[in-house]
2 protein chains.
Amino acid sequence: MTDRPSLRGRPAATTHAEIEQAAFRLFAEYGFEATTLDMIAVELGISRRTVARYYPSKNDIAWGRFDETLVSFKEMLDAMPQDLPLWQAVQRGVLAFNAVPAAEEPFLRRRMRLILGTPALQAHSTLRYVEWRTVVAEFVARRRGVPVGDLGVQTIANASLSIAMSAYEAWLDDPGTPLAELLDEAMARLRGYLAVTGDPD
Amino acid sequence: MTDRPSLRGRPAATTHAEIEQAAFRLFAEYGFEATTLDMIAVELGISRRTVARYYPSKNDIAWGRFDETLVSFKEMLDAMPQDLPLWQAVQRGVLAFNAVPAAEEPFLRRRMRLILGTPALQAHSTLRYVEWRTVVAEFVARRRGVPVGDLGVQTIANASLSIAMSAYEAWLDDPGTPLAELLDEAMARLRGYLAVTGDPD
DNA sequence: TTCCATTTTGGCACTCCGCGACATTATTGT
DNA sequence: ACAATAATGTCGCGGAGTGCCAAAATGGAA
């Protein structure tokens, strides 16, 4: 089931990709809640126990191999030039994080629509967001030479996720506009909100 | 179980407050996950079914009567003077939202510590945050005369929660500093982060 | 070829949450 | 005394998650 450097032992009956494919087909037809692990298992011709072994929980099927993409996100941030302004480094990281081959984009959209549209998955996603924010917080803290627990660092990490997710949801609704533009707009709006001017709004 | 304008019928065997009291006692002793509904029921001398009826889910016991405080949050925002800058209105709302009698503060702290320290509750909280953000988004949209779906509105609502939660967590760790100050600092740090200057950080 | 080591699968059983159904109990009003 | 009301308690089910262990399927060594 996991990476198998050794070639001995019984071969795996399925793969993460295969399970996700079957699962998403069923989710689309019956909805996430109404789809049981048994149904997925039957669809694949394997046992429920095996399906359950491939993911920590049913919720996690929706996110797929998120942990791997998170590692690359971290590496991308670390590779950013030091003279690049912090907010730009984060923004570029977000863009690279969400860049996928054009052929895979429809699947990504379907996946994210499912997650953002299903309460149980919305809730579960928080745990993923925590990891994401931790990566950003550690990056910001290192660049600034302050502890990760610092209020400023935590606020920036939190707000970065807010900006990214707001732009991302807008991108899901309107595929025409590139994500980069939406990120810029979201940041600009936030600047306007935070700016202390005579204008009440 | 709910408000009973009528005085007929069998009297309720317990109350939300009573359940939460027993539950938190058990959570403190055994942890949230290890505490079952049966244990809470036994503690109160009632049946599991009755405990379950008082809350949509076990997770919801931790949040208590959040929906009621959310209504007052909404009303507070609506009552803010029109000439008050938007960000100040939201900030005051947040402060009022979290203001409790000094005697209750320890219980609030315990409650929030439990929620923020338990993964399952952290995840479930997302659903509450959605409601919170919706209230802010509707307020901002109304003040600005734009649809709630607007990218700027959504970003501001998201970021407001980020600021509030960052400050709130800092407040939990350091009870000495008043929440108002932490909110100010969080906002100031975010302004600095978003500000476009020559300085890379 | 035969057996052994390895690795995954599959089956079983259990706990817990959540929920629907329905009888039971305890109260008020007539 | 009896009807009406409203919450409780009991029962049973479906589904997720998990530990345990035997069975199956492969590669490698004797």
Side-chain angles (χ1 to χ4, degrees), chain A residues 1-20 22-23 26-27 29-63 114-115 118-125 127, chain B residues 1-20 22-23 26-27 29-63 114-115 118-125 127:
Chain A
M1 147 181 183
T2 49
D3 300 3
R4 48 159 52 206
S6 159
L7 292 174
R8 306 218 339 216
R10 178 171 174 169
T14 184
T15 60
H16 284 94
E18 214 175 75
I19 292 178
E20 285 166 38
L26 292 169
F27 292 162
E29 187 168 357
Y30 304 101
F32 178 79
E33 311 281 2
T35 302
T36 68
L37 290 184
D38 274 308
M39 291 164 69
I40 299 172
V42 169
E43 184 86 356
L44 292 167
I46 59 180
S47 73
R48 178 178 78 99
R49 189 67 183 82
T50 298
V51 175
R53 248 196 285 263
Y54 274 71
Y55 297 88
S57 79
K58 179 184 164 187
N59 289 331
D60 288 291
I61 298 178
W63 272 100
L114 176 72
I115 292 174
T118 307
L121 295 179
Q122 244 177 53
H124 187 73
S125 300
L127 304 178
Chain B
M1 146 178 182
T2 49
D3 301 2
R4 49 158 50 207
S6 159
L7 292 175
R8 309 231 314 230
R10 179 171 174 167
T14 184
T15 61
H16 284 94
E18 214 174 75
I19 292 178
E20 285 166 37
L26 293 170
F27 293 161
E29 188 168 355
Y30 304 102
F32 178 78
E33 311 280 4
T35 303
T36 67
L37 291 183
D38 274 308
M39 291 164 68
I40 300 172
V42 168
E43 184 86 357
L44 292 167
I46 59 180
S47 74
R48 178 177 77 100
R49 190 67 182 84
T50 298
V51 176
R53 250 195 282 261
Y54 275 70
Y55 298 88
S57 80
K58 179 184 164 187
N59 289 331
D60 289 292
I61 298 178
W63 273 101
L114 176 72
I115 291 174
T118 307
L121 295 178
Q122 243 177 51
H124 187 74
S125 300
L127 305 177

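Order of the sequence lines fixes the chain letters, A, B, ..., with proteins taken first and strands second; residue numbering starts at 1 for each chain.
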Can you pull every protein N or O that's under 3.5 Å from an N or O on nucleotides 16-20 of chain D?
{"from": "D:dA16", "atom 1": "OP1", "to": "A:L37", "atom 2": "N", "distance (Å)": "3.4"}
{"from": "D:dA16", "atom 1": "OP1", "to": "A:K58", "atom 2": "NZ", "distance (Å)": "3.4"}
{"from": "D:dA16", "atom 1": "OP2", "to": "A:L37", "atom 2": "N", "distance (Å)": "3.3"}
{"from": "D:dG17", "atom 1": "OP2", "to": "A:K58", "atom 2": "N", "distance (Å)": "2.8"}
{"from": "D:dG17", "atom 1": "N7", "to": "A:R48", "atom 2": "NH1", "distance (Å)": "3.1"}
{"from": "D:dG17", "atom 1": "O6", "to": "A:R48", "atom 2": "NH2", "distance (Å)": "3.0"}
{"from": "D:dG19", "atom 1": "N7", "to": "A:R49", "atom 2": "NH2", "distance (Å)": "3.0"}
{"from": "D:dG19", "atom 1": "O6", "to": "A:R49", "atom 2": "NE", "distance (Å)": "2.7"}

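- With sequence neighbours excluded, no residue satisfies side chain to side chain donor-acceptor pair (under 3.5 Å) with A:T35.
- Atoms CD1 (A:I40) and P (C:dG10) sit 15 Å apart, rounded to a whole Å.
- Annotation for B:P119 and A:L127: closest pair O-CD2, 3.7 Å, computed over non-hydrogen atoms.
- Closest of all the heavy-atom pairs between A:A22 and A:E43 is CB-CG, 3.9 Å.
- Straight-line distance from the CZ atom of B:F32 to the C1' atom of C:dC17: 11 Å, rounded to whole Å.
- When only modelled atom types and interatomic distance are considered, B:Y55 and B:E20 share a side-chain donor-acceptor pair under 3.5 Å.
- Minimum interatomic distance between B:I115 and B:S125 (heavy atoms only, all atoms of both residues): CG2-OG, 3.2 Å.
- Summarising the geometry of A:H124 relative to A:S57, their closest heavy-atom pair is CE1-OG, 3.9 Å, with the distance given to 0.1 Å.
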Between the protein and nucleotides 25-30 of chain D, which nitrogen or oxygen pairs come in under 3.5 angstrom?
{"from": "D:dA25", "atom 1": "N3", "to": "A:R10", "atom 2": "N", "distance (Å)": "3.3"}
{"from": "D:dT26", "atom 1": "O2", "to": "A:G9", "atom 2": "N", "distance (Å)": "3.1"}

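- In this structure, B:T14 OG1 and B:L44 CG are separated by 5.0 Å, a value rounded to the nearest 0.5 Å.
- Nearest approach of A:E18 to A:A13, heavy atoms of both residues: OE1-O, 4.0 Å.
- Distance CD1/B:I40 to CD1/B:I19: 8.0 Å, rounded to 0.5 Å.
- One atom, CD1 of A:I46, and another, C1' of C:dG11, lie 14 Å apart when rounded to the nearest Å.
- Partners of A:F27 according to the ring-ring contact (aromatic ring centres under 6.0 Å, His included) rule, which considers only residues two or more places apart in sequence or in another chain, are A:F24, A:F32.
- Summarising the geometry, the separation between CD on B:E18 and P on D:dA7 is reported as 16 Å, rounded to the nearest angstrom.
- Remark: DNA chain D takes part in the stems C:1-30 with D:1-30, each of 3 or more antiparallel Watson-Crick or G-U pairs, criterion distances under 3.5 Å.
- Residue B:S47 has no polar side-chain atom (N or O) positioned under 4.0 Å from OP1 or OP2 of D:dT10.
- Residues forming a side chain to side chain donor-acceptor pair (under 3.5 Å) with A:S47 (at least two apart in sequence, or on another chain): A:T50.
- Taking atom OH on A:Y54 and atom P on C:dT7, their separation rounds to 14 Å, with Å as the unit.
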